[in-house]
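Quick note on labels: first sequence line is chain A, next is B, and so on, each numbered from 1.
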There are 4 protein chains.
Amino acid sequence: MAYNLLKGKKGIIFGALDHKSIAWKVAEKAHEEGAVFTLTNTPTAMRFGEINELAEKCNAEIIPADATSIDDIENLIQKSMEILGGKLDFILHSIGMSMNVRKKRVYNDLRYDYFMKTLDISSISFHKLLQTCYKFDAINEWGSVVALSYIAAQRVLYGYNDMADAKALLESVARSFGYIYGREKKIRVNTISQSPTRTTAGSGVKGVEGLLDFTERMSPLGNATADECADFTMVMFSDLSKKVTMQNIYHDGGFSSMGMSMRAMRQYNKSLDGISEDDI
Amino acid sequence: MAYNLLKGKKGIIFGALDHKSIAWKVAEKAHEEGAVFTLTNTPTAMRFGEINELAEKCNAEIIPADATSIDDIENLIQKSMEILGGKLDFILHSIGMSMNVRKKRVYNDLRYDYFMKTLDISSISFHKLLQTCYKFDAINEWGSVVALSYIAAQRVLYGYNDMADAKALLESVARSFGYIYGREKKIRVNTISQSPTRTTAGSGVKGVEGLLDFTERMSPLGNATADECADFTMVMFSDLSKKVTMQNIYHDGGFSSMGMSMRAMRQYNKSLDGISEDDI
Amino acid sequence: MAYNLLKGKKGIIFGALDHKSIAWKVAEKAHEEGAVFTLTNTPTAMRFGEINELAEKCNAEIIPADATSIDDIENLIQKSMEILGGKLDFILHSIGMSMNVRKKRVYNDLRYDYFMKTLDISSISFHKLLQTCYKFDAINEWGSVVALSYIAAQRVLYGYNDMADAKALLESVARSFGYIYGREKKIRVNTISQSPTRTTAGSGVKGVEGLLDFTERMSPLGNATADECADFTMVMFSDLSKKVTMQNIYHDGGFSSMGMSMRAMRQYNKSLDGISEDDI
Amino acid sequence: MAYNLLKGKKGIIFGALDHKSIAWKVAEKAHEEGAVFTLTNTPTAMRFGEINELAEKCNAEIIPADATSIDDIENLIQKSMEILGGKLDFILHSIGMSMNVRKKRVYNDLRYDYFMKTLDISSISFHKLLQTCYKFDAINEWGSVVALSYIAAQRVLYGYNDMADAKALLESVARSFGYIYGREKKIRVNTISQSPTRTTAGSGVKGVEGLLDFTERMSPLGNATADECADFTMVMFSDLSKKVTMQNIYHDGGFSSMGMSMRAMRQYNKSLDGISEDDI
């Protein structure tokens with residue numbers, strides 16, 4: 001079901017890898033809601049991904065870019081404005097990568113060149129994107145920029161490693177730049193803190209199956225899906241959320257406001273001797 | 001501009017007093033977005049208000065109710081379901097009143113019968129509403145309940161008095177009941193923490209003009225208006241925010257994420273000797 | 001080990017019931033740290049408790065008081081100042097009770113007279129205490145008032161029921177009155193948010209054994225004990241925390257900053273088929 | 001007044017520059033409380049500072065170290081253990097520097113090599129310190145590590161620039177490593193979020209005089225001084241806060257819990273036409 005929420009709006013969507021990606025769903029929905037946009041990802045990611053299929057479906061051009069490269073970002077923004085025929089109204093930043101996670105370096109044994117790279121790719125890329133847009137005056141008044149985050153920015157989750165710090169930095173950049181972009185150009189910048197999601201990128205995280213079971217039982221509405229996240233992203237890009245800025249909004253079925261649920265407690269109690277499943 | 005976001009949805013809107021009320025704007029927008037609903041307020045409020053005009057415009061019936069009375073709430077819910085022809089999809093709770101504020105009892109000289117009344121009207125009424133809906137199974141799956149709150153729930157604002165405690169309690173009720181309603185019925189409960197707003201109800205608050213000037217300059221996007229708050233409420237009632245629950249979302253132009261802005265600092269500096277306006 | 005942190009300080013300690021009570025431990029430590037104080041509890045609680053033993057040990061007088069009664073609080077404060085020979089330097093508020101919990105009324109089936117009583121006993125009593133102290137000018141400059149709270153004020157824990165709302169209200173009262181008492185008298189007001197603790201009062205909470213196992217494994221330092229909470233309370237009463245006010249400080253072994261720990265995840269995974277205990 | 005809170009404890013104190021530094025005060029108090037420790041700062045800082053005077057007063061050795069250099073940190077930790085005759089019990093991290101601030105690059109015109117340097121010096125140095133201690137098993141069970149932070153980690157303050165992001169990252173590192181160090185070694189890691197303080201390092205921040213006036217009037221107890229911060233740091237190093245970990249504790253006279261105070265509002269109103277100073 002579509003509402004024409006983004007009719008006539010122009011944008012850039014980062015991070016669509018395959019049909020499981022949140023960014024993929026965002027692109028599909030944005031298309032349905034009447035937006036035009038370009039798609040971007042790293043050259044490497046695009047080799048493996050199925051992004052051409054998405055581009056065709058959404059009638060969108062693909063502009064490869066390394067999000068840590070100012071040159072690439074400049075090219076992306078300028079090309080996007082040319083292709084779309086004007087300034088942007090929305091941008092989705094859905095980028096994260098940790099070599100420490102990939103190489104199984106635990107948090108008390110980080111390589112610092114990897115750590116720096118984690119921050120550069122996952123957080124500072126957001127600043128580079130915003131600063132470059134600002135310099136080119138590339139976003140219309142009341143435009144909306146969203147980055148995807150995770151509750152690890154506030155609470156430690158075993159195995160999430162230096163990505164937690166990257167998300168904390170990302171959310172800080174959103175606040176810091178959101179202040180300036182709001183003040184000067186009436187543009188808002190927010191993060192959406194999404195449930196753990198079974199994406200191709202997310203599936204590398206340690207122990208993800210047990211965690212997904214736990215968060216599903218903890219969240220009164222269950223984990224939010226990629227599709228539902230895309231729905232909420234439409235809202236954040238639309239004119240209906242004009243005065244929401246510098247916020248981190250939890251889109252997580254209620255997980256962030258839970259200390260312990262009946263369902264998770266019952267499941268947990270099954271692991272304990274001498275406590276009945278229903279003894280709560 | 002309307003999007004049909006609430007097409008076919010049924011609801012109840014509390015708290016429309018006059019055309020400045022946020023609830024008034026919510027009713028207008030909900031009507032435009034395709035919803036049908038009933039309106040309610042206290043018998044007293046309706047004597048002074050212009051609610052009949054709104055009801056006519058929105059083709060809505062008015063059902064008076066004292067929000068602290070279980071009987072009145074039961075009647076309201078049952079009548080609303082009869083009139084609307086089925087269960088509800090959304091409810092707006094926009095209710096607050098402090099006799100301590102009205103009678104100019106400062107926070108260190110409260111009357112406790114007044115304090116209890118503040119909590120009953122402004123916070124416990126929300127629990128009564130939710131519990132009564134729950135008993136009558138009056139809300140459809142994936143329905144949405146929103147209460148209006150204020151940042152005084154987190155940070156002390158001089159003069160807001162016991163209403164700050166009432167808002168903290170209100171937000172807690174939203175979390176606590178949101179857990180149960182989410183778990184059992186897939187219904188979400190959230191609060192929107194709105195900028196200070198020049199409503200008839202809000203204008204009694206001490207020193208509101210200076211505060212509005214300050215928050216306007218502190219918020220990078222300026223204070224959010226009642227109209228904009230109504231826009232965002234549409235989002236929260238729509239199917240696009242299905243997995244957002246137990247949250248308090250700041251709709252405040254960025255105020256909640258500010259420590260000090262350039263504009264507010266410059267204004268403040270004008271009050272100080274020996275500091276130039278631009279000395280920042 | 002004692003440090004003379006409270007040498008010469010005078011206070012009132014609410015809520016010591018038996019040797020498991022946090023308030024009991026606070027009294028013992030305060031005595032060791034050189035303080036003099038009175039003890040108080042409800043007449044009913046004292047019938048069952050062993051408070052006389054504590055009073056003797058600490059050389060403290062007992063003044064029964066119903067914390068919801070202004071008369072009783074006035075009497076308590078005046079008598080305490082007489083007995084101790086001057087104004088107070090510290091107060092511990094450790095009071096909470098829910099008839100809904102006791103009578104097994106779940107949160108979606110509350111009795112409102114009980115709910116009001118929960119708030120009156122557990123939260124408004126704190127305002128009554130502060131307002132009465134303020135009127136009698138009963139606390140010295142740089143005095144310190146602490147109330148015990150629980151993370152249920154921020155996150156829903158199944159079974160904690162309307163006590164969660166009471167703790168949210170309690171913390172709000174601490175902020176609201178902390179502002180006034182700070183501004184006018186340089187007196188600080190804080191809450192300590194303590195781990196779930198195996199006290200006599202706490203043991204009535206539903207499913208407490210499973211929860212204690214979970215929080216023990218989630219908290220990197222394990223659950224904080226009543227003894228450790230008393231240690232930290234000494235700090236908050238001492239002159240070393242003079243500029244900490246209107247805060248809720250988590251004394252919980254790190255639980256509040258955890259999303260998922262290795263130990264809790266491993267235990268949880270035992271309850272799941274097809275996930276190895278070490279598969280994380 | 002001293003209490004012997006750190007009797008027999010060994011530590012390292014980073015960041016003492018001159019007698020205005022918080023770290024300087026921490027060293028003085030730690031000495032009074034019975035601790036022995038080494039002092040460290042960058043070679044450059046030591047050229048300008050008066051750290052020799054402090055070292056003499058506290059009977060402490062100075063070990064220069066660039067906090068971004070693993071080699072220097074390793075040397076610092078090993079030398080400190082040799083000099084002090086055993087493992088450490090406490091560490092203070094009080095380090096922050098932004099070339100963007102120094103070179104007056106505003107936040108929407110950052111140089112990224114500077115930004116990376118800001119993060120490396122101000123935040124990642126904390127991880128390097130913790131990881132190196134972990135590898136050498138250099139801290140005793142129940143040891144305590146504290147880093148100094150600022151509310152800019154949560155709320156934007158005009159002019160604080162990329163230091164805000166650095167503080168957000170610093171606090172995240174404290175949580176992330178606090179989890180591991182707590183779980184494995186019973187060592188706690190916290191940040192103290194201190195009032196803006198008139199230190200030599202802090203005085204470079206834009207518009208600091210107006211801000212200090214504002215925060216002084218907003219905070220019910222006034223801004224916390226460097227001396228008071230050192231007092232509270234003693235607490236965090238002592239055995240009385242053993243179960244507090246992964247927290248960011250505001251030591252700020254109440255500022256963080258304020259939305260608007262009477263005193264700040266009155267001052268602000270002086271800058272406005274047509275609003276009387278007392279019209280609040």
Side-chain angles (χ1 to χ4, degrees), chain C residues 1-5 7 29 33 142 174-176 178-190 192 194-195 217 219-225 228-236 238-259 261-263, chain D residues 1-5 7 29 33 142 174-176 178-190 192 194-195 217 219-225 228-236 238-259 261-263:
Chain C
M1 167 129 202
Y3 305 95
N4 269 320
L5 278 167
K7 198 180 170 183
K29 302 258 180 190
E33 292 295 342
W142 301 111
R175 281 191 298 274
S176 297
Y179 163 58
I180 291 181
Y181 236 148
R183 186 186 78 198
E184 298 298 323
K185 304 279 182 179
K186 302 288 179 200
I187 289 160
R188 62 200 187 280
V189 184
N190 294 286
I192 296 177
Q194 161 70 1
S195 293
R217 287 184 213 265
S219 312
L221 298 175
N223 291 324
T225 64
E228 291 162 339
C229 185
D231 280 340
F232 192 67
T233 306
M234 294 305 101
V235 159
M236 296 307 295
S238 81
D239 291 339
L240 299 172
S241 58
K242 270 185 178 171
K243 286 293 178 78
V244 178
T245 194
M246 305 168 71
Q247 303 301 315
N248 177 51
I249 303 184
Y250 290 101
H251 182 267
D252 65 355
F255 178 79
S256 51
S257 293
M258 292 302 303
S261 72
M262 182 185 73
R263 285 198 290 239
Chain D
M1 167 123 204
Y3 305 94
N4 269 320
L5 278 167
K7 198 181 170 184
K29 301 259 180 188
E33 292 295 341
W142 300 112
R175 280 189 299 272
S176 297
Y179 163 57
I180 291 181
Y181 236 149
R183 185 186 79 197
E184 298 298 325
K185 305 278 183 181
K186 303 287 178 201
I187 289 159
R188 63 199 187 279
V189 184
N190 294 286
I192 296 177
Q194 160 70 3
S195 292
R217 288 184 213 265
S219 311
L221 298 177
N223 291 325
T225 65
E228 290 161 340
C229 185
D231 280 339
F232 192 68
T233 306
M234 295 306 102
V235 158
M236 296 308 293
S238 82
D239 292 339
L240 299 173
S241 59
K242 270 185 178 172
K243 287 292 178 78
V244 178
T245 194
M246 305 169 71
Q247 303 301 314
N248 177 51
I249 303 184
Y250 290 101
H251 182 266
D252 65 355
F255 178 78
S256 50
S257 293
M258 292 302 304
S261 72
M262 181 184 74
R263 285 198 289 239

Practice item. Specify which of C:Gly222, C:Gly253, C:Ala2, C:Ala230 makes the most heavy-atom pairs with chain D at under 4.5 Å. Key: C:Gly253
**Study point:** Over all atoms of both residues, closest heavy-atom pair of D:Ile187 and C:Leu221
**Key:** N-CD2, 4.2 Å
**Study point:** Contacts of type salt bridge (charged side-chain N to carboxylate O under 4.0 Å, His left out), residue D:Lys29, not counting sequence neighbours
**Key:** D:Asp227, D:Asp231
Point to revise | Proximity breakdown for C:Asn223 and chain D, heavy-atom pairs closer than 4.5 Å | key: backbone
Revision key, fill the gap. Chain C shares the most heavy-atom pairs under 4.5 Å, among D:Lys242, D:Met234, D:Met258, with D:Met258
Review point. With a 4.5 Å heavy-atom cut-off, do C:Pro220 and D:Met246 have their side chains touching?
Key: yes
Revision key, fill the gap. Of the listed D:Thr245, D:Val235, D:Val244, D:Leu240, the one with the largest count of heavy-atom pairs under 4.5 Å with chain C is D:Leu240
Revision key, fill the gap. Cut-off 4.5 Å, heavy atoms of chain D, and the answer for C:Ile249 is side chain
Point to revise | Close side-chain approach of C:Arg183 to D:Ser261, heavy-atom, < 4.5 Å | key: no
Point to revise | Side chain, backbone, both or neither of C:Ile180 within contact of chain D (heavy atoms, under 4.5 Å) | key: neither
Exercise for review: Could you pull out the closest heavy-atom pair between D:Met262 and C:Tyr179, with the gap in Å?
Suggested key: N-OH, 2.8 Å
**Study point:** Interatomic distance, C:Tyr250 atom OH to D:Asn190 atom CG [nearest 0.5 angstrom]
**Key:** 14.0 Å
Practice item. Count the heavy-atom pairs under 4.5 Å between each of C:Ser195, C:Ser219, C:Ala224, C:Ser238 and chain D, then report the option with the highest count. Key: C:Ala224
Check your understanding: Are the side chains of D:Gln247 and C:Ser256 in touch, meaning some heavy atoms are under 4.5 Å apart?
Key -> yes
Check your understanding: Taking side chain as C-beta onward, heavy atoms only, is D:Phe232 less than 4.5 Å from C:Lys243?
Key -> no
